[in-house]
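Each ligand, and each atom within it, is numbered from 1 in the order the structure gives.
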Amino acid sequence: MSAPTRILVTGGAGFIGSHHVRTLLGPGGPERTEVTVLDKLTYAGNPANLDPVRDHPGFAFVRGDVCDPELVDKLVSEHDQVVHFAAESHVDRSILGAAAFVRTNVLGTQTLLDAALRHSTSRFVHVSTDEVYGSVETGSWRESEPVRPNSPYAASKASSDLIALSYHRTHGLDVRVTRCSNNYGHHHFPEKVVPLFITRLLDGGRVPLYGDGLHVRDWLHVDDHVRGLELVRTAGRPGEVYNIGGGTELTNRQLTELLLDACGADWSRVDRVEDRKGHDRRYSVDCSKITEELGYRPRKDFATGLAETVAWYRENRSWWEPLLAKAAL
Ligand code: NAD
């Protein structure tokens with residue numbers, strides 16, 4: 001029998017990383033796969049997200065920092081592949097202070113890449129964001145576009161993408177970069193707009209809408225994102241960037257309307273607040289590369305995905321209520 005594939009997943013206690021780990025080790029996941037999660041458990045990391053796989057014989061959890069070179073070196077040496085999610089991920093926090101973003105997102109990525117190079121890691125999937133391309137008024141960014149990030153968060157992610165790709169070009173390391181649009185789904189920390197609005201509305205509270213509410217985002221269900229990521233990990237090409245989108249572009253006003261509706265609330269619960277500094281008007285990624293090369297297509301239609309997400313938050317108050325204090329900026 002072939003040896004198992006040992007995958008180191010950084011940031012695997014967060015929203016998307018934990019979804020990936022539950023997928024890898026859950027029913028229908030790839031055969032003979034072992035996963036170690038390396039996660040610092042910042043305010044955004046939640047060990048409960050990994051409860052469904054905690055007793056899986058192929059699962060291990062290590063609490064630690066991706067910027068810790070000794071720990072990272074040891075863990076990378078013990079694994080075949082790295083899937084790198086760990087990041088400071090909230091734009092508003094990066095506007096309040098960028099130091100943690102540069103440290104974790106840039107230095108942490110370089111620390112992992114150096115270890116991957118020393119130990120000839122067979123595959124390094126770097127999870128990035130559509131925000132690195134910056135705002136686009138019309139049309140959609142292709143992977144060949146240069147990065148033009150605007151927020152400190154996006155700039156730190158763009159920096160990490162460039163460093164990751166440089167390790168492929170310079171050293172031949174098998175690096176694959178994914179750039180996805182805005183994810184939504186269950187287990188999403190209640191600071192981002194979808195879970196923030198749902199939890200506040202379910203609690204009878206008010207929600208803030210930035211500026212004129214006409215900023216446009218593409219919405220991607222986390223199941224579709226993880227499927228796209230798995231296609232890239234298993235069948236993508238080294239040194240390539242793949243956009244992963246959800247195919248549902250909405251203004252924040254349209255999103256708010258849908259969330260109010262799903263939670264049984266109306267516009268009297270919305271506060272119009274001053275716009276976010278440097279707020280990008282629109283993000284949009286062209287997904288023809290991953291569709292044509294790897295057969296990716298989003299499967300979850302937004303209305304169903306949103307209804308399921310709201311239902312999950314209704315039924316899992318014990319998951320999010322303890323997080324509300326940590327979510328406050
Ligand atoms: P998240 O904030 O929910 O989770 C991040 C995880 O990383 C947490 O578990 C946290 O504890 C961990 N972490 C943070 N700093 C660390 C460090 N120094 N060492 C080890 N672990 C650390 O983020 P998410 O929404 O799951 O995003 C995962 C990745 O996907 C990020 O790289 C993010 O930039 C990218 N992304 C997210 C979205 C989205 O819509 N959520 C969209 C595009 C890209």
Among protein heavy atoms, which sits nearest to [atom], and what does the distance come to when rounded to 0.1 Å?
atom                    : value
atom 4 (O) of ligand 1  : Gly14 CA, 3.4 Å
atom 5 (C) of ligand 1  : Ala87 O, 3.6 Å
atom 21 (N) of ligand 1 : Lys40 N, 3.0 Å

Does any N or O of ligand 1 fall below 3.5 Å from an N or O anywhere on [X], backbone included?
X     : answer
Asp65 : yes
Asp39 : yes
Leu38 : no

Where does [X] meet ligand 1, judged by heavy-atom distances below 4.0 Å: at the side chain, the backbone, both, or neither?
X      : result
Ser128 : backbone
Val127 : both
Ser89  : side chain
Glu131 : neither
Tyr153 : side chain

Aromatic ring proximity, centroids under 6.0 angstrom, His186 and His19: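 Yes, close enough.
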
Enumerated ligand 1 atoms positioned under 4.0 Å from heavy atoms of Phe85: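 Heavy-atom distances to Phe85 below 4.0 Å select 28 (C), 29 (C), 31 (C), 32 (O).
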
Parallel, tilted or perpendicular, as decided by the 30° and 60° cut-offs, for the rings of Phe189 and Tyr43: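 The arrangement is perpendicular - the two ring planes meet at more than 60°.
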
Identity of the nearest option to atom 37 (C) of ligand 1, non-hydrogen atoms only, from Ile16, Asn183, Thr129: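 Answer by nearest heavy atom: Ile16.
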
Glu191 and Arg93 ion-paired at < 4.0 Å: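 Answer for the salt bridge query: yes.
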
Basic-acidic side-chain contact under 4.0 Å: Arg206, Asp271: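 Salt bridge present between Arg206 and Asp271.
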
